[in-house]
Amino acid sequence: MKIFFTKVPDPIIRLVIVFGVFFGVILFVRGFVIPKELKEKGIHRTSAIERELASEIHYAGSGICAECHDEEYDLKNEGYHQKLSCEVCHGPAMEHTEEPDDFTPPAPRQRKFCPECHTYNPSRPTGFPQINPVAHNPLRPCIDCHNPHDPKPLTVPRECSACHAQIAITKAGSHHVMLECTVCHDTPDEHKSTPRLIRAGKPVKRDLCASCHDKDSGVKEVPKIDVYTHGEKYVCWQCHSPHMPEVNHE
Ligand code: HEC
Ligand code: HEC
Ligand code: HEC
Ligand code: HEC
Ligand code: HEC
Ligand code: HEC
Ligand code: HEC
Ligand code: HEC
C-alpha cells in the first residue's frame, strides 16, 4: 500500500488492523456492559451522588460560629490560631448550631490535647512553635497560661532553639557546637516576635566561612583550607552542611 508516495511496510499495516479491531471490540462491549447510571454522570454513579447528598452533615464551618460567639471569633482571627477552624478543637458542631441549648460541643481543656500539634517533631515546618510536653511547665493544663483563642507567646523566646529545635539539636552534636547562630545569621531582634514579617539573614558568600577557615585567617584551632583553591566555584555549604560540617579524615 502507498501513502504519500512512500510504501508503508506490511507489518505496520497488520499492527494497525490488530489495534483497530481491539479498540473496536472494547467500544462495542462498553456500550452494553457499563450500567446506565454510570453513563449519566460521567465517572460517578448516580446512586452514589444521591447517597452522599443524603448523608448527615456534621461540620458547620467556622463562619456560622460568629453569629453567636463573636467574641471568641474576633479574638481568634486576630491571633496566632487564626488559621485554625473552631471545629478543629471543638469537634463537629452542626447539631449545636441548630439547637445550641440541647447540644454543646466539648471544649478540650485537658493538657494532652494541645501537644497533638505542638509536640516537638522534626518533620514540622521550620519555625513552627514546638515544645517538649514533658519538660514544658508540666502538670498544669496548657490553658492555665495560654488562651486557646489567642495563644500569645507569654514572653518573647530568648533562644533560637524555641522555634528551630531541629537545627539547634543538630548543631549541638557537631564541630560547630561553640558557634552562636548569630555568627552566621544576621538576625534582627524582631524576628523572634514576628518571624514571618521580619526575616533572619542567611549567608550568601564564601567569605563568611573563610573568615575562620582560610589559611590566612588569624583564628586559632580551626582547620584551615585555601579559600582560593578549595572547592572554588561552589559555596561552602553545597559540600559541607553548615549546621553539621563533616569531613572524611581517612
Ligand atoms: C445559634 C447560636 C449559636 C451558634 C451558631 C453557635 N453557638 Fe456555641 N453556644 C451557643 C449557646 C447559647 C451556648 C451556651 C449553651 C449552654 O451553656 O448550655 C453555646 C456554647 C458553646 C460552647 C461552650 C461549651 C462549654 O463547655 O462551655 C462552645 C465550645 C461552643 N458553643 C462552640 C461553638 C462553635 C464551635 C460554633 C460554630 C461551629 C458554635 N458554638 C455556634 C450558641 C451558639
Ligand atoms: C486551639 C483550640 C481551640 C480553637 C481553635 C477554638 N477553641 Fe474555643 N475553646 C478551646 C478551649 C481549650 C476552651 C476552654 C477554655 C477554658 O475553659 O478556659 C474553649 C472554650 C470555648 C467557649 C466557652 C467559653 C469559654 O471561654 O469557656 C466557646 C463559646 C468557644 N470556645 C468557642 C469557640 C469558637 C466560636 C471558636 C472559633 C472562632 C473557637 N472556640 C476556637 C479551644 C479552642
Ligand atoms: C490543629 C493544630 C493546633 C492545635 C490543636 C493547637 N495549636 Fe497552637 N498553634 C497552631 C498553629 C498553626 C500556630 C501558629 C504557628 C505560626 O504562626 O507559625 C499555633 C500557635 C500557638 C502559639 C504561639 C507560639 C509562638 O510563640 O508563636 C501558642 C502559645 C499555642 N499555639 C498554644 C496552643 C495551645 C495552648 C493549644 C491547646 C489549647 C494549641 N496551641 C492547640 C496549631 C495548633
Ligand atoms: C505555667 C505556665 C505555662 C503552661 C502550663 C504552659 N506554658 Fe507554654 N509557655 C509558657 C511561657 C512562659 C512561654 C514563653 C517561652 C518560655 O519561656 O518557655 C511558653 C511558650 C510556649 C510556646 C511557644 C514556643 C516557645 O518555646 O516559645 C508554645 C507552642 C507553648 N508554650 C505551648 C504550650 C502547650 C502545648 C502547653 C501544654 C502542654 C503549655 N504551653 C503549657 C508558659 C506555659
Ligand atoms: C518565635 C519563633 C522563632 C524564633 C525565636 C526564631 N525564629 Fe527563625 N524563623 C521562624 C520562622 C517561623 C521562620 C520561617 C519564616 C518564613 O518561612 O517565612 C524562620 C526562619 C528563619 C531562617 C530562614 C530564613 C530564610 O529566608 O530562609 C533563619 C536563618 C532563621 N529563622 C534564623 C533564626 C535565628 C538565628 C534565631 C535566633 C537568633 C531565630 N531564627 C529565632 C521562627 C523563629
Ligand atoms: C557556620 C555558620 C552557621 C551557623 C553557626 C548556623 N547556621 Fe543556619 N545556615 C547557615 C547557612 C550557610 C545556611 C544556608 C544553607 C543553604 O542555603 O543550604 C543556613 C540555613 C539556615 C536556615 C534555613 C534553612 C533551613 O534548614 O531551614 C535556618 C532556619 C537556620 N540556618 C537556622 C540556624 C539556627 C537556629 C542556628 C543556631 C542553632 C544556625 N542556623 C547556625 C549557616 C549557619
Ligand atoms: C567563627 C568561626 C567559624 C566560622 C565562621 C565557620 N566555622 Fe567551621 N569550624 C569552626 C571551628 C571552631 C571548627 C571545629 C574545630 C574542632 O572541632 O576542633 C570548625 C569545623 C569545621 C569543619 C571541619 C569538620 C571536621 O569534620 O573536622 C568544616 C568542614 C567547617 N567547619 C565548615 C564550615 C563552613 C562551611 C562554614 C561556613 C558556613 C564555617 N565552617 C564557618 C569555626 C568556624
Ligand atoms: C566541592 C565541594 C567542597 C566545597 C565547595 C568546599 N569543600 Fe571543604 N572539603 C571538601 C572535602 C571533600 C573535604 C575533605 C577532603 C580534604 O581535606 O580536601 C573538605 C575539607 C574541608 C575542611 C577540613 C580541612 C582539614 O584539614 O581538616 C574544612 C575546614 C573545609 N573543607 C572548609 C570549607 C570551606 C570554608 C569552604 C568554602 C570556602 C569549603 N570547605 C568548600 C569539599 C568541599
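Remember, it's a predicted structure, so these values are computed and weren't measured experimentally. Start at 1 and go down the list; that is how both ligands and their atoms are numbered.
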To which protein heavy atom is atom 41 (C) of ligand 5 closest, and what is the distance rounded to 0.1 Å?
H191 CD2, 3.6 Å
Smallest separation among heavy atoms of D144 and R140, with atom names:
OD2-NE, 3.4 Å
Nearest neighbour in protein (non-hydrogen) for atom 12 (C) of ligand 2:
P108 O, 3.1 Å
Looking only at protein heavy atoms, which one is nearest to atom 38 (C) of ligand 6, and how far off is it?
C181 SG, 2.6 Å
If you have a sec, work out which protein heavy atom is nearest atom 11 (C) of ligand 6 and how many Å separate them, to one decimal?
P242 CG, 3.4 Å
Close N or O approach (K171, ligand 6; < 3.5 Å):
no
Using a 4.0 Å cut-off to any heavy atom of C163, which atoms of ligand 5 qualify?
1 (C), 2 (C), 3 (C), 4 (C), 5 (C), 42 (C), 43 (C)
For H81, counting its heavy atoms only, list the atoms of ligand 2 lying under 4.0 Å from any of them.
1 (C)
Return the closest protein heavy atom for atom 6 (C) of ligand 6 as residue, atom name and distance.
H243 CD2, 3.4 Å
Looking only at N/O atoms, are T187 and ligand 5 under 3.5 Å apart anywhere?
no
Could you name all protein N, O or S atoms found under 2.8 Å from atom 8 (Fe) of ligand 2?
H90 NE2, H149 NE2
Does R109 reach ligand 2 with a nitrogen or oxygen that is under 3.5 Å from one of the ligand's nitrogen or oxygen atoms?
yes
Identity and distance of the protein heavy atom lying nearest atom 27 (O) of ligand 5:
K202 NZ, 3.3 Å
Looking only at protein heavy atoms, which one is nearest to atom 14 (C) of ligand 5, and what is the separation?
T126 O, 4.0 Å
Under 4.0 Å to a heavy atom of C65 - the qualifying atoms of ligand 2, by number:
35 (C)
For atom 24 (C) of ligand 6, is the nearest protein heavy atom under 4.0 Å away?
no
So is G201 touching ligand 5 or not, going by heavy atoms under 4.0 Å?
yes
Heavy-atom distances under 4.0 Å decide this one: backbone, side chain, both or neither, for K192 against ligand 5?
both
Considering non-hydrogen atoms of the protein only, which is the closest contact for atom 30 (C) of ligand 5, and what is the distance?
A200 CB, 3.4 Å
Please confirm whether H149 and Y73 have ring centers closer than 6.0 angstrom.
no
Distance under 4.0 Å to a non-hydrogen atom of A168: what atoms of ligand 6 satisfy this?
38 (C)
Check all N, O or S atoms of H164 and name the one closest to atom 8 (Fe) of ligand 5.
NE2
Identify, by atom number and element, the atoms of ligand 5 in contact range of P195, meaning under 4.0 Å from any of its heavy atoms.
10 (C), 11 (C), 12 (C), 42 (C), 43 (C)
Would C184 count as a contact for atom 8 (Fe) of ligand 6, in the sense that one of its N, O or S atoms lies under 2.8 Å from it?
no
A side-chain contact here means heavy atoms from C-beta on lying under 4.5 Å apart; do V18 and R14 qualify?
no
Which bit of A162 gets closer than 4.0 Å to ligand 5, counting heavy atoms only: side chain, backbone, both or neither?
neither
Ligand 5 versus R199: contacting region, heavy-atom distance under 4.0 Å:
side chain
For C160, the ligand 6 atoms with a heavy-atom partner under 4.0 Å come out as 35 (C)
Ranked by distance from atom 31 (N) of ligand 6, the top protein heavy atom is H185 NE2, 2.8 Å
Looking at ligand 6, does I167 have a heavy atom less than 4.0 Å from it?
yes
Atom 18 (O) of ligand 2: which protein heavy atom is closest, and how many Å away?
I143 CD1, 3.9 Å
Quick check on E180 - does any of its heavy atoms sit under 4.0 Å from an atom of ligand 6?
yes
If you compare all heavy atoms of P245 against all heavy atoms of H175, which two are closest, and at what distance to 0.1 Å?
O-CD2, 3.6 Å
Honestly curious: do I17 and I12 fall in one hydrophobic cluster under the side-chain, below-4.5 Å linking rule?
yes
Should the heavy atoms of other residues, nucleotides or ligands under 6.0 Å from CD1 of I57 be counted, would the total exceed 12?
no
Report, in ascending order of atom number, the atoms of ligand 6 lying under 4.0 Å from any heavy atom of H176.
1 (C)
Under 4.0 Å from any heavy atom of G127, which atoms of ligand 5 are there?
10 (C), 11 (C), 12 (C), 42 (C)
Atom 16 (C) of ligand 6: nearest protein contact (heavy atom, Å):
W237 CD1, 3.5 Å
